[in-house]
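Every value quoted in this text rests on a predicted model; they were computed, and no experiment measured them. All ligand and atom numbering here is 1-based and tracks the order in the structure.
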Amino acid sequence: MSTVVYPGSFNPITFGHANIVERGLKLFDHVVVAIGTSADKDPDIELHDRIELCREALKEFGSRVSVEGFNTLLVEFVREHGTTFVLRGLRTVTDYDYEFQMLEMNQALDPSIEYVLLPTSNEWSHVSSTRVREIASFGGDVSAFVAPCVVDYYR
Ligand code: ADP
C-alpha cells in the first residue's frame, strides 16, 4: 500500500486542503494528514480541535485518510509511517519559495525524502487558513471556504 504524508498547520482545514487530499488519493492509496505546530503562525485553534475538525471535514474519504498530530521532525514522522513521500499544495510563487526551502532542508536531513507538490486548483487558489481566521474573527461567513464543522466551530 502506498502512503503519503501531508503535513501542515491546518489552522483550520479549508476546501483548498481537502482538494489536495482528494487529488493525493489519485496518486497514493493512503494519505496521512499530519498536523504540526508552526512557530511563525498564530496557533489559535488547539491541536486537539484541529485534529477533530480535519477528521470530520475529511470523513467522506473513509479509511484511506487518517489524521494525526505530530511534534517530531517531519522526516522522522514520515519514516515512522513507512514512506518517503511528502505531499504539499502550491498556491503562489511565495508558496513555491517556501516549499523549496522546506524540501531542501528535509532532503538534507534525509535524502530519501521526496516531495509531491500539487498546484492548487483555480477554485481554491485564493483560500488560506489565515484569511479564514481573519474573516471568522470579525464574525464573517466562511462557509464558502471551509466544511460545515469548521463553520460551526466559529459560531
Ligand atoms: P503550513 O503551516 O505548513 O504552511 P498550512 O496548513 O497552511 O500549513 O498548509 C499546508 C499545505 O497545504 C501547504 O503545502 C499549503 O501550500 C497547502 N495549501 C493551503 N491552502 C491551500 C489551497 N487553498 N490550495 C492548495 N494548497 C493549499
Using a strict 4.0 Å cut-off to heavy atoms of F10, name the atoms of ligand 1 that fall inside it.
6 (O)
My understanding is that we take every heavy atom of each candidate and find the minimum distance to atom 3 (O) of ligand 1. Doing that for R50, R88, E99, which one comes out nearest?
R88
For G89, atoms of ligand 1 separated by under 4.0 Å from a heavy atom:
13 (C), 14 (O), 15 (C), 16 (O), 17 (C), 26 (N)
Please state whether Y6 comes within less than 4.0 angstrom of ligand 1, counting heavy atoms only.
yes
Using a 4.0 Å cutoff against the non-hydrogen atoms of W124, which atoms of ligand 1 qualify?
22 (C), 23 (N)
If you measure every N or O of S9 against every N or O of ligand 1, does any of those distances drop under 3.5 Å?
yes
For the residue pair H30 and S66, confirm or rule out a side-chain donor-acceptor distance under 3.5 Å.
yes
Of the choices R91, R23, R131, which has the non-hydrogen atom that lies closest to atom 21 (C) of ligand 1?
R91
Determine the sole option in V4, L118, V67, V65 for which the side chain to side chain contact (heavy atoms under 4.5 Å, CB included) test with V21 is passed.
V65
Answer with yes or no whether the side chains of N11 and S129 bring together a donor and an acceptor at under 3.5 Å.
no
Atoms of ligand 1 close to I20 [distance to a heavy atom under 4.0 angstrom, numbered from 1]:
25 (C), 26 (N)
Close-contact set for ligand 1 against D95 heavy atoms, below 4.0 Å
16 (O)
Quick check, are the ring centers of F15 and F145 under 6.0 angstrom apart?
no
Does CG belonging to D97 count more than 12 external heavy atoms closer than 6.0 Å?
yes
Under the side chain to side chain contact (heavy atoms under 4.5 Å, CB included) rule, what do V32 and E68 come out as? Steps first, then yes or no, please.
CA-CA 7 Å; V32 180; E68 293 179 36; 4.0 Å; yes
Out of E134, R91, H17, which one pairs with S128 under the side chain to side chain contact (heavy atoms under 4.5 Å, CB included) rule?
R91
Does the residue H126 have a heavy-atom contact with ligand 1, meaning some pair of atoms that are separated by less than 4.0 Å?
no
So for ligand 1, is T120 a polar contact partner (N or O within less than 3.5 Å, distance only)?
yes
For the CG atom on D29, are there more than 12 heavy atoms of other groups (residues, nucleotides or ligands in this structure) within a distance under 6.0 Å?
yes
Thinking salt bridges, do E52 and R55 make one under a 4.0 Å N-O criterion?
yes
I want to know if ligand 1 touches G8 in the polar sense, i.e. an N/O pair below 3.5 angstrom.
no
If we only count N/O pairs under 3.5 Å, is Y98 in contact with ligand 1?
no
